[in-house]
Q: 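Dropping the structure in here first, questions after.
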Amino acid sequence: SQLHPVLDAPTAHETEAPDLADAVWRGLTQSPKQLSSRFFYDDEGSRLFSEIMHLPEYYLTRCEYEILDTYKTDLLTLFSADNRPFDLVELGAGDGLKTKLLLNHFWNEQANFTYTPVDISKAALDGLVADITQQWPTMAVNPQHDDYFNTLKRLGDRANTDGNNTRLVVLFLGSNIGNFSPTEAVDFYRQIARHLNPGDLVLTGFDLQKHPAIIHAAYNDSQGLTRAFNLNLLRRLNRELGADFDLAAFDHYETYNPENGEARSYLVSEKEQLVKLAALNLSVQFSPGEVIHTEVSRKFSRAGVEHLAQQSGFALTNWFTDGKAYFADVVYQK
Ligand code: AVJ
């Protein structure tokens, strides 16, 4: 599809992602305070998220697993259309739980493909690659320890130099897209689109709008894992920025607004307190009940998913859902 020429200008995401120190400085000196959810995923955060995926309340992973299992044959037909080899480029691969289901099917069908998992957690990526080489010693795997935006640059380079026939299939599963604002999502997909060739595909997992209580419970689990995941961000700042956050003096709080589909996570200061961040030479005052906003997990309508495709230069070709229609895995074609 054709993109508007203005989109060829570099965008904010193609410059270096701001490092932790800069982002934390800005986030904690503004009002209301905020920290980006992309800082959740240190090694401990990635481990906690793997546990969250097994929670009874966290339906997202099970629903997506069901979809991929049900439609794996259809997906292989789409990915390998015209007998072209394909490269599965997975953004934010994590522990690859759901992807292994696809890899297993593609391998058994003797599909001609390579797997390129991308993750910012070295531990998660190493674990995934170890698993895969153990299970399929001769599978072509090219792990990329990097963030999405750097990887997108490389995707672009490959698209420009590749003389071969390989179809790029970008996987962005698990409703990771939900962490982006609507504007960021369009920007992100436009960047992907710019680097892809006609016939290349993107498979995205979208968590869908449903009864608000079901969504709220997924981010407010009874075992307190989501709470630990949220608070781990403060532990990371203590370690990496010499901060002295008292983890017992902050609480986890979740809201879901069914009018706009936004689940929002906060850390709440339990009392009046002063927190020092030595590496930033910064002291931050908290009033009782004051919050740090840490995450948005956006829930989509079908119209929203269609709109994103239109806005970013893709055609929506397939819409796969689980039996309860809680979640959708959607194919966009360039
Ligand atoms: C990995 C971003 C999809 O938003 O559902 C899980 C992260 N946060 N519980 C989500 C998360 C709290 C998750 N994503």
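Atoms within each ligand, like the ligands themselves, are counted from 1 in listed order. Heavy atoms only: backbone and side chains are in, while hydrogens, waters and symmetry mates are out.
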Q: Roughly how far, to the nearest 0.5 Å, is NE2 of His54 from CZ of Phe49?
A: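 Phe49 CZ to His54 NE2: 10.5 Å, rounded to 0.5 Å.
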Q: Judged by modelled atom types alone, do Tyr256 and Glu262 share a side-chain donor-acceptor pair under 3.5 Å?
A: no
Q: Looking just at side-chain N and O atoms, do Asn179 and Glu295 make a donor-acceptor pair shorter than 3.5 Å?
A: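 A pair is found: one side chain offers a donor N or O, the other an acceptor, under 3.5 Å apart.
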Q: Could you check ligand 1 for N or O atoms lying under 3.5 Å from protein N or O atoms and list the pairs with distances?
A:
{"from": "ligand 1", "atom 1": "4 (O)", "to": "Ser297", "atom 2": "OG", "distance (Å)": "2.6"}
{"from": "ligand 1", "atom 1": "5 (O)", "to": "Tyr58", "atom 2": "OH", "distance (Å)": "2.5"}
{"from": "ligand 1", "atom 1": "5 (O)", "to": "Tyr219", "atom 2": "OH", "distance (Å)": "2.5"}
{"from": "ligand 1", "atom 1": "8 (N)", "to": "Glu295", "atom 2": "OE1", "distance (Å)": "2.7"}
{"from": "ligand 1", "atom 1": "8 (N)", "to": "Glu295", "atom 2": "OE2", "distance (Å)": "3.4"}

Q: Verify the distance criterion only: is there a donor paired with an acceptor across the side chains of Glu254 and Ser265 at less than 3.5 Å?
A: yes
Q: Going by atom types only, do Lys324 and Tyr59 share a side-chain donor-acceptor pair under 3.5 Å?
A: no
Q: Phe172 pairs by ring-ring contact (aromatic ring centres under 6.0 Å, His included) with which of Phe188, Phe206, Tyr332?
A: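 Exactly one pass, corresponding to Phe188.
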